[in-house]
Number of protein chains: 2
Amino acid sequence: MHQPRVTIRDVAAQAGVSVATVSKVINQRYGVAADTMARVQAVISDLGYEASLVAQSLRNHRTNVIGILVADLEPFSTELLKGAADAIRGSGFELVVYSAGGRPGDMVGWEQRYLSRLSGTLVDGAVLVTPTVVDVHYGAPVVAVDPHTGSSGFPTVDADNLRGARLATEHLLSLGHRRIALLAGRADLESAKQREQVYREALAAAGVPFDESLVRVGGYDAELSRRAALELLTGPERPSAVFAANDVSAIALLKVAQSLGVRVPEDLSVVGFDNIPESALCTPPLTTIDQPIRTMGERAVEMLIQLIRGQPVERTHLTLATELVVRGSTARWDGAVRGTAA
Amino acid sequence: MHQPRVTIRDVAAQAGVSVATVSKVINQRYGVAADTMARVQAVISDLGYEASLVAQSLRNHRTNVIGILVADLEPFSTELLKGAADAIRGSGFELVVYSAGGRPGDMVGWEQRYLSRLSGTLVDGAVLVTPTVVDVHYGAPVVAVDPHTGSSGFPTVDADNLRGARLATEHLLSLGHRRIALLAGRADLESAKQREQVYREALAAAGVPFDESLVRVGGYDAELSRRAALELLTGPERPSAVFAANDVSAIALLKVAQSLGVRVPEDLSVVGFDNIPESALCTPPLTTIDQPIRTMGERAVEMLIQLIRGQPVERTHLTLATELVVRGSTARWDGAVRGTAA
DNA sequence: ATCGTTGTCGATAACGTTTTCCAACGCTAA
DNA sequence: TTAGCGTTGGAAAACGTTATCGACAACGAT
């Protein structure tokens, strides 16, 4: 079945040299004469020899594989994965994807279990996407994207949530909205915390009293957001605008609004966060905060590779810029109270 | 920097046994007394020992890693990847993703290069998504999803393109359309070939004469499709309907139509193929042929794992069912000739 | 002639496992 | 007592690399 693998020993025999010499020409080490090198090269391409990555890994304590751990392959992770895949091309590393498959309940042990495989077993390092874990005490380097609250433990890449949330809230305020709800994110993530905090501050700065009943948690999740949106839109005094902490929440909200006959943006303005590709496609196209997700993925693996190589890394906490993208889901609010849906 | 890895030797020393015995308890081999086993287990969890996957791989000639090769992480591949990730969970395998990064020019050597790493170097087998390669002569098993034309070389997973294309074309015909264009797919893929062929047959069966000027190739690619769509919609006698060979093409077409002021579905009906998530979100929501992409990904890795394990696999060419999903991009055609956009 | 020096090359010990023996031991049966 | 047998444990050889170090030849300089 498995054809006999051609090994370094075969090459050595065929070329009439020792395995040591073959190894040297493979790794471009000094100390082999030009003609022997040529001879060995010839035999190598002749036999179609390829060094066993596994054996090399065992010997070198380097697998040249990095892992990316995501809770689920939703749009954010997927975009990030694309960036990671772009950055890894030509780097000499491979990318293995671990997805917990959506059930956040499974995340708990799952993350730790894979993290424990880190040092020397399979991967040389890992990118953690929206992790639940706050610190890691294994040997291999780790960088977190959209990190957990208070995770000073490892290098991070994130976006300017503070500015983004301020832009979002102020956009709604500037359109005349006063009853602005918040569809909050995953409570354990720094990004969600910051977005909520700035939302409160911006409202306060505009002199809008804070109304606890206007914040519901959507947890960055479609199903949770659907339920939260339903409460928000069928409550006693419907908000005129919603700041959704991410686009998945916003899009879920859009669907709920449509099913309820609430028109967006006439009856309800919505702004999201992330600018995932879907946000430009949905109806109406979503006004949102752009976060350069793919670039975040690229930066994360670049930083990780530097860490693995032991190279010095200039900034160990990267924060990328966010921008407001105005599309069709937000509109001026004239202040007329249209009351609850009836 | 790297804390000293705890090895099987450490466990053996600590437990007062030999490494052979430790290996036996790890792999549940017969021949170790209950109390020694318990003692070793205790030491293992005590030291937090984890066997080196690399060393195991070297010894066993099995890496427990499978590769998935995609040309690019566009929606189809991404959905397929989700299915693959689902199927792999709990299987004991890991999934490494190779993306060529979109430039089909790079695909040529790229695919072969990674394929050559197959046997024994890093992965135990691979899933090829919309490959350019038709046969592979390396040791490890391979299964192709949406295979190349005439690739009888390896096991395949695809969807019922024949039925899907027939449903699509007949749907348009039954709505009264007669000038039905085709935005064709990647010429080297069996799926594209079949979709085009059935399109022709269905038209012929309905007595509609074939018009060569109505077929343009979009290559399953957004940019190519944009250009093709532009030609199609600005040509001398605009079609009343387009069958796009995949949803990416269809969505690109939708955008071109909008920019041209061609209303969908009033002035132009569009049906896509694939039913990627985006097709439900775009404006108008796309009528399309559903192809169970995630399931295809699951089936592909399941089949591959069986192949790797040497288990017999019942069906080595899987074809999954397709269905017509009618949404908002198709409408009845009253036969009035509205002429070219003017 | 002798002595470094430089340039090539090869033997060999790792790396951390698994597996195949084989040895030792305690039994039971003759 | 001894032969035979089942049970348990260990020694050692792989798996395919790479790095270290020493051997050896050629050579110029003293």
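Every chain is numbered from 1, with letters handed out A, B, ... down the list of sequences.
- Remark: Glu298(A) pairs with no residue by the side chain to side chain donor-acceptor pair (under 3.5 Å) rule, at least two apart or across chains.
- Near DNA chain D, defined here as any heavy-atom distance below 4.0 Å, the residues from residues 31-43 of chain B are Gly31(B), Val32(B), Ala33(B), Thr36(B), listed numerically.
- In this structure Arg59(A) satisfies the side chain to side chain donor-acceptor pair (under 3.5 Å) test with no other residue, sequence neighbours excluded.
- One end of the helix from dA1(C)-dT30(D) to dA30(C)-dT1(D) points its axis 70° away from the other end's axis, with each axis taken from 5 pairs and the angle rounded to 10°.
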Contacts table for residues 20-31 of chain A: side-chain donor-acceptor under 3.5 angstrom, sequence neighbours left out:
residue  : atom : partner  : partner atom : Å
Thr21(A) : OG1  : Ser18(A) : OG           : 3.4
Arg29(A) : NH1  : Asn27(A) : O            : 2.8

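- Listed by chain and number, the residues in a side-chain contact (heavy atoms from CB on, under 4.5 Å) with Asn64(B) are Arg62(B), Phe93(B), Asp124(B) (sequence neighbours excluded).
- In this view, Ser57(A) satisfies the side chain to side chain donor-acceptor pair (under 3.5 Å) rule with no residue, not counting sequence neighbours.
- In this view, Asp86(B) and Arg89(B), Arg294(B) satisfy the salt bridge (charged side-chain N to carboxylate O under 4.0 Å, His left out) rule, not counting sequence neighbours.
- Contact footprint of chain B on DNA chain C: nucleotides with an atom under 4.0 Å from a non-hydrogen protein atom, first to last in 5' to 3' order, dG16(C) to dT19(C).
- Here the side chains of Leu73(B) and Thr78(A) are not in contact, with every heavy-atom distance at 4.5 Å or above.
- Using a 4.5 Å cut-off on side-chain heavy atoms (C-beta onward), Thr63(B) and Glu94(B) make no contact.
- Partners of Arg9(A) by salt bridge (charged side-chain N to carboxylate O under 4.0 Å, His left out), not counting sequence neighbours: none found.
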Please encode protein proximity along nucleotides 10-21 of chain D as a string of B, S and -, counting only heavy-atom distances under 4.0 Å. BB-BBBBBBB--
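- Asp146(B) places a side-chain heavy atom less than 4.5 Å from the side chain of Leu189(B).
- Residues meeting the side chain to side chain donor-acceptor pair (under 3.5 Å) test with Ser91(A), sequence neighbours left out: none.
- Here the shortest heavy-atom pairing between Glu190(B) and Gly150(B) reads OE1-N, 3.7 Å.
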